[in-house]
Amino acid sequence: MNKLDLFQGVFENKKVLITGHTGFKGSWMAIWLRELGAEVYGYSLEPYTYRDNFVSTNLATKINHRIGDVRDQNALLNYFQEVKPDFAFHLAAQPLVIESYSKPHYNFETNLMGTVNFFEAVRNCPSVKVAINVTTDKCYKNNEWLWGYRENDPMGGDDPYSASKGCSELITHSYIKSFFEKKGSANVASGRAGNVIGGGDWAENRILPDIIRSYINNEELEIRNINSVRPWQFVLEPIFGYLKLSEKLWLEGKSFSGGWNFGPKDLGNYSVGDVVDEVKKGIPTLQVSSPKTHEKLHEAGLLKLDITKAVNLLDWKPKLTFEETIQLTVQGYLDEINEQDIYTSRVKQIESYCLK
Ligand SMILES: NC(=O)c1ccc[n+]([C@@H]2O[C@H](COP(=O)([O-])OP(=O)(O)OC[C@H]3O[C@@H](n4cnc5c(N)ncnc54)[C@H](O)[C@@H]3O)[C@@H](O)[C@H]2O)c1
C-alpha cells in the first residue's frame, strides 16, 4: 500500500500532464504524482532561478517535460497530442499581482489565452478524461466583507491579475457549458486557492522567503507589517484538494464539474508576528527588528474562502495547524540550506502530510 495514496489508486500508471511544472506548486504536484506511480509530463517556461524547487529536486531528470509557452496554441496542442494524457492540470500562469501592473498585456495574454489554449488542447485530445484549471481566491468580486466567498459568488477583480483569473474562471465555465457536458468529453473543473507557503518558494517580496534570505545572509530583517493577518496555508493543502477533485471527476464524472474552493482552516487569524515567533522555534538566531505588538488588524482586501463544498463533497479538508504549517515550511528551507537530498526531503514531507 502506497502511504502517499489518498486517491484510491486512480493515478497509478496514468499519464498526467501539468502546465507550470517548473513553478512552485506545479513542481510539488509533480513530485506527489510521480510518487503515486503516475507518468508525469510537464509543459512550461524555464525555471526562474537555480534555487527553484524544480531545479533543487532535480525534477528534470525524473519526469518528462517540454519547455514551451502556453500562448503558443500549436506547440501546446502538439504536446498534448504527442503525450495523450489521461489527466491534465493547468497551473502555468503569470501569478503575481505586482507584475500584472507592470506587464498587464503579458498578464492577460498568458492567463486568458493560456487558459483558452489549454482547453482547446483538452478538447482536441480525446485521451484526456479529467482536466483542472488552477486559479485563485482573487477570482471573486471582492466585496470587502468578512464572510467567506462561495463558489456561486460573482467573479471580479480590480487589479489585472485578479481580473485575469476571474476571466480564466469564466473561460472554464464557458468551455464546460459549450463543450464538456457532452457524454464522452473530458470532466472539467477549476480549483480556487489562496496564497501558499512551503520550501522551494524563493519569490521576492514574500514574507517566508524574505525571512529565510535574511537568515542565510546573517542580516537583521526589518518587518513593517508585523501585525498583518494572512491566511497561512501549506503548499500541499490545495494540491491535496486538486488531486482529490480529479479523483472524483475520474471515478464519478461530471457531477463534480465546476468551481471548488480550497482555503485554509479558519486558524484564528495569525499575524506576520506570529509567523516570526513560530519560525524562531526552528531558527532561534533569526534577527527581526520590528517589535511585535498584541494588536491585530483586519487587512482591508483580505479575502476568505468558504470551503464547505469541498469539505462536504470531496472528502477533503485542510489537515495542518498553524504551527505545523510553519514548521514544515521552515524545515523545507533548512533542508535546502543544509544541502539535503531535496527530492527525498519533499517526499518525506508529503508522507508526513498524508499521515496527518
Ligand atoms: N503560489 C501561490 O500562493 C498561489 C496562490 C493562488 C493561486 N496560485 C496559482 O497557482 C498557479 C501556480 O502558481 P505558482 O505559485 O506555482 O507560480 P510560479 O510562478 O512558481 O509558477 C508558474 C509556472 O507557470 C509557468 N509559466 C508562466 N508563464 C508561462 C507561459 N507564458 N507559458 C508557459 N508557462 C508559463 C512558469 O514557467 C512556472 O512553471 C498559478 O496559476 C497561480 O496563479 C498560486
Side-chain angles (χ1 to χ4, degrees), residues 17-31 41-49 51-57 59-60 63 65-76 79 89-100 103 105-118 121 132-140 157 159-169 171-172 190-209 230-239 241-242 259-264 303 305 325 329:
L17 195 157
I18 303 172
T19 70
H21 69 290
T22 56
F24 175 45
K25 278 166 113 173
S27 55
W28 273 94
M29 191 179 200
I31 295 169
Y41 294 80
Y43 181 98
S44 45
L45 300 178
E46 295 277 5
Y48 309 116
T49 75
R51 272 199 165 139
D52 288 4
N53 198 41
F54 177 80
V55 181
S56 64
T57 56
L59 260 187
I63 64 168
H65 80 131
R66 179 155 306 164
I67 297 303
D69 198 309
V70 289
R71 294 171 302 162
D72 185 339
Q73 184 184 356
N74 287 335
L76 184 63
Y79 193 55
F89 294 94
H90 185 47
L91 282 84
Q94 189 303 106
L96 302 170
V97 175
I98 224 164
E99 285 275 319
S100 78
K103 296 180 193 148
H105 187 276
Y106 174 75
N107 167 78
F108 282 116
E109 231 187 340
T110 305
N111 295 356
L112 272 64
M113 289 318 292
T115 306
V116 171
N117 293 340
F118 172 77
I132 292 185
N133 182 23
V134 167
T135 66
T136 168
D137 53 2
K138 296 185 180 65
C139 65
Y140 290 107
D159 63 87
Y161 170 71
S162 304
S164 72
K165 286 294 189 169
C167 290
S168 180
E169 282 287 346
I171 292 165
T172 309
S190 68
R192 303 164 185 170
N195 284 358
V196 289
I197 56 176
D201 180 16
W202 290 99
E204 299 291 329
N205 299 317
R206 288 201 192 142
I207 187 66
L208 261 307
R230 297 264 182 277
W232 308 100
Q233 191 177 29
F234 190 58
V235 61
L236 291 177
E237 301 270 37
I239 293 176
Y242 309 146
W260 295 82
N261 290 343
F262 298 107
L303 235 148
L305 292 175
T325 299
T329 300

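One is the number of the first residue; the rest follow in order along the sequence. Keep in mind the model is a prediction, meaning the values are calculated, not measured. Remember, it's 1-based here, ligands and their atoms both numbered in the order they're listed.
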Point to revise | F262 and Y242 aromatic centres sub-6.0 Å | key: yes
Could you tell me the separation between the [atom1] atom of [X] and the [atom2] atom of [Y], rounded to the nearest 0.5 Å?
X	Y	atom1	atom2	answer
L59	S27	CG	OG	6.5 Å
S56	R51	OG	CZ	10.0 Å
L91	M29	CG	CE	6.0 Å

**Study point:** Ring geometry between F118 and H90 (parallel below 30°, tilted from 30 to 60°, perpendicular above 60°)
**Key:** parallel
Revision key, fill the gap. Sorted by chain and number, sequence neighbours left out, salt bridge (charged side-chain N to carboxylate O under 4.0 Å, His left out) with R66 holds for E82
Below 3.5 Å only, please: the N or O atoms of ligand 1 paired with protein N or O atoms, distance on each line.
unit_1, atom_1, unit_2, atom_2, d
ligand 1, 3 (O), V196, N, 2.8
ligand 1, 16 (O), F24, N, 3.2
ligand 1, 16 (O), K25, N, 2.9
ligand 1, 19 (O), Y48, OH, 2.7
ligand 1, 20 (O), F24, N, 2.8
ligand 1, 24 (O), A93, N, 3.3
ligand 1, 28 (N), Y106, OH, 3.3
ligand 1, 31 (N), D69, OD1, 3.0
ligand 1, 31 (N), Y106, OH, 3.2
ligand 1, 32 (N), D69, OD1, 3.4
ligand 1, 32 (N), V70, N, 2.8
ligand 1, 34 (N), L45, N, 3.3
ligand 1, 37 (O), T22, OG1, 3.2
ligand 1, 37 (O), L45, N, 3.3
ligand 1, 37 (O), L45, O, 3.4
ligand 1, 39 (O), G20, O, 3.3
ligand 1, 39 (O), T22, N, 3.4
ligand 1, 39 (O), T22, OG1, 2.7
ligand 1, 39 (O), G23, N, 2.9
ligand 1, 41 (O), L91, O, 3.4
ligand 1, 41 (O), K165, NZ, 2.7
ligand 1, 43 (O), Y161, OH, 2.7
ligand 1, 43 (O), K165, NZ, 3.2

